[in-house]
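Every value quoted in this text rests on a predicted model; they were computed, and no experiment measured them. Atoms within a ligand are numbered from 1 in the order they appear, just like the ligands themselves.
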Amino acid sequence: MTAVLATIRDFEAAARARLDPAHYDYFAGGAGDEVTVKANEAAFARLGLLPRVLRGAGTPQIGVTLLGSRMAMPVLVAPTAFHRLADPEGEKATARAVAAAETIMIVSMAATVAVEDVAAAAPGATLWFQLYVQPDMAFTEAIVRRAEKAGCAALVVTVDSPARGRRDQDVRNGFDDLPEGMHCENLRDGDGDHDADGDGDRGPVRPIVMSPAISWEHVDLLRRMTRLPIVLKGVTHPADARLALDHGVSALYVSNHGGRQLDTVPATVDLLPEIVAAVGGAVPVLVDGGIRRGTDVVKALALGASAVAVGRPVIWGLAAGGECGVARVLEMLRDEVEHALTLCGLASVRDLEPGLVRRC
Ligand SMILES: Cc1cc2nc3c(=O)[nH]c(=O)nc-3n(C[C@H](O)[C@H](O)[C@H](O)COP(=O)(O)O)c2cc1C
Ligand SMILES: CC(C)CC(=O)C(=O)O
């Protein structure tokens, strides 16, 4: 009898059994001693929920609207690279599942399917595009134009990567490149109208540059370059949250990159309240890192997040069962959020407030 996969942790075990061990390590792993990887999940376990009773709240409303995009639940798919390592359909499978779940997929700049092809594969999906600003601003602009043309509704600019994180397990495994025939399709030169002459040659792929020279000036350049809302991903310091507001960003995204960049950055859920206070309601605040349960989603929203994102859980769904696996992971999270809110005695995610959360 095949075991029923009832939780995200079950999906991780199933994914691990299927994946090439070096690829599992790439997806699961983090930087340095993985202090931050562990801290993200452990911090949620240290927070308790204090339910209200006898409220007659009925079935809770869990839909939210974020930067004009309507979502059936307050959970986005975080940008993660290399989905074709997990499933041959890669980001196309993820996007179809996201469309069915009526949520948002943030397509990674390091996707193994071109953003145009992801959009074409899942016409109903709301897509946002994640960007690492490339020092060659003409190339950066070409990528932004491709994302706009593909219909992406926001630009998520990742700012926690002035250098690539050092992941010891990848070093041990010698994992430093994609297998033959797999590429970061959003890094091809040109305007994305690839293989226009049908000869199968889609042009050269540039390596991703993570540059310590990227600064607030680049955010200003992007602000002038596009009308898309800009979401700044990877903010952890309240002073940077305030600066981001001065630079006209439309949302802040608290993230330590799932513990894959600077090790020992504190857990994101512990950093969230200070960022929320610094932002003072001026723009929505998103958060990711270690969210594995509906109760984690509820805690983050109670502490002031407008929505959360999940990275690895989606990869586990994809590796364990392709599009159906991702759909199941998203459905489980949806059900768990609704169930947790019901047990908290709340009628809507809008009723979540810090008083529901206690540090244990
Ligand atoms: C395998 C993998 C690849 C990732 N690739 C990207 C990426 O291309 N761009 C980016 O901004 N963040 C990337 N991230 C970070 C995620 O967007 C997100 O911040 C993190 O996964 C959240 O933590 P969680 O995995 O515990 O949910 C990646 C994370 C993982 C696990
Ligand atoms: C290809 C990498 C840039 C993707 C990434 O951000 C990560 O592995 O964490």
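- Residues satisfying the salt bridge (Lys or Arg N to Asp or Glu O under 4.0 Å) test with Arg9, not counting sequence neighbours, are Glu41.
- Annotation: Ser255 places an N or O atom under 3.5 Å from an N or O atom of ligand 1; distance criterion only.
- Protein neighbours of ligand 2 below 4.0 Å, counting non-hydrogen atoms: Tyr26, Ala81, Phe82, Ala110, Tyr132, Arg164, Arg167, Met210, His257, Arg260.
- Residue Pro79 holds the heavy atom nearest to atom 13 (C) of ligand 1 of all those in Ala86, Pro79, Gly29.
- Of the candidates His257, Gln261, Glu41, it is His257 that places a heavy atom closest to atom 15 (C) of ligand 1.
- Cation-pi geometry between Arg312 and Phe27 is not met at under 6.0 angstrom from the ring centre and within 45 degrees of the axis.
- Scanning all protein heavy atoms for the shortest distance to atom 7 (C) of ligand 1 gives Tyr132 OH, 3.4 Å.
- Atom 3 (C) of ligand 1 has as its closest protein heavy atom Ala81 N, 3.4 Å.
- Counting only non-hydrogen atoms, the option in Thr268, Asn256, Asp288, Thr158 that gets closest to atom 18 (C) of ligand 1 is Asp288.
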For Trp316 and Tyr24, run ring-ring contact (aromatic ring centres under 6.0 Å, His included): C-alpha distance rounded to whole Å, both residues' side-chain angles, the deciding distance at 0.1 Å, then the answer. CA-CA 9 Å; Trp316 306 145; Tyr24 170 79; 5.4 Å; yes
Lys92/Asp117 under salt bridge (Lys or Arg N to Asp or Glu O under 4.0 Å): CA gap, chis, key distance, verdict: CA-CA 7 Å; Lys92 291 198 261 186; Asp117 297 342; over 6 Å; no
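- Under 4.0 Å from ligand 1, heavy atoms of Thr80 appear from its side chain as well as its backbone.
- For ligand 1, the polar-atom distance check finds no N/O of Arg260 at less than 3.5 Å from any of the ligand's N/O atoms.
- Between atom 12 (N) of ligand 1 and the options Arg292, Lys233, Gln130, Met109, the minimum heavy-atom separation is to Lys233.
- Closest approach of Thr80 and Ser108 over heavy atoms only: O-CB, 3.4 Å.
- Here the closest heavy-atom approach between residue Ala282 and residue Leu245 is recorded as CB-CD1, 4.1 Å.
- In terms of protein heavy-atom proximity, atom 8 (O) of ligand 1 is nearest to Ser108 OG, 2.7 Å.
- At the shortest separation from atom 27 (O) of ligand 1 among protein heavy atoms lies Gly311 N, 2.9 Å.
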